[in-house]
Structure formats: structure tokens, C-alpha cells
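Comments concern the structure below.
When reading the values below, keep in mind they use all heavy atoms of this one structure, side chains included, and skip hydrogens, waters and symmetry mates. Computed from a predicted model, the values in this text were never measured in an experiment.
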Amino acid sequence: MSLSSHLTELKKKHAHLSDAVEEAQRAPGTDDLLIADLKKQKLKLKEEIHRLSS
């Protein structure tokens, strides 16, 4: 897998997690720990994308 295709996949996963966080925040009764976990995963992906892009 080339670096550019790897970055593209990471960006897709990041966008998917972003959508999941938004959906979880809108849904009543969603566990705050679930939202926090999704946000942590999203941040890790963002950091990896930034690291690989540098």
C-alpha cells in the first residue's frame, strides 16, 4: 500500500468517526464514555494523518 492510499484510508476512517461522533451526540441517552472513546479514536487518526503528511 502506498503512502497516499494509506493516507486516503485514514482520512476516510476519520470522516466516518466524525459522523459517528455527531450522530452519537444527537442521540438521546448515548453513553458519554462511548462518545469519549470515539473522539479519542478520531484524535489518534488525526495525529497519525498529520505525522505521515509531514
* **Ser5 and Thr8: side chain donor to acceptor below 3.5 Å** =>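 Their side chains do not contain a donor-acceptor pair, so the 3.5 Å distance test is not met.
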
* Donor-acceptor contact below 3.5 Å, side chain Ser18 vs main chain His14 ->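 Pair absent, no side-chain N/O of Ser18 close to backbone of His14.
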
* **Side-chain heavy-atom pair Leu10, Glu48 within 4.5 angstrom cut-off** =>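 A side-chain contact exists here, since the closest heavy-atom pair is under 4.5 Å.
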
* To do: Evaluate the side-chain proximity of Lys39 to Lys44: yes if any heavy-atom separation is below 4.5 Å, no if none is.
  =>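 No, every pair of side-chain atoms sits at 4.5 Å or beyond.
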
To the nearest 0.5 Å, how far apart are [atom1] in [X] and [atom2] in [Y]?
X	Y	atom1	atom2	result
Leu17	Leu43	CG	CG	11.0 Å
Lys42	His16	NZ	NE2	12.5 Å
Gln25	Thr30	CD	OG1	9.0 Å

* Asked: Minimum heavy-atom separation for Lys13 to Leu45, with atom names?
  ->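 In this case the closest contact between Lys13 and Leu45 is CB-CD1, 3.6 Å.
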
* Asked: If every non-hydrogen atom of Leu38 is compared with every non-hydrogen atom of Ala24, which pair is closest and at what distance?
  ->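 So the minimum-distance heavy-atom pair works out to CD1-CB, 4.4 Å.
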
* More than 12 foreign heavy atoms under 6.0 Å from NZ of Lys46: is that the case here? ->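 Not more than 12 within 6.0 Å, no.
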
* Inspect the contact between Glu23 and Arg26 and indicate whether a charged nitrogen and a carboxylate oxygen are less than 4.0 angstrom apart. =>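 No, this pair does not count.
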
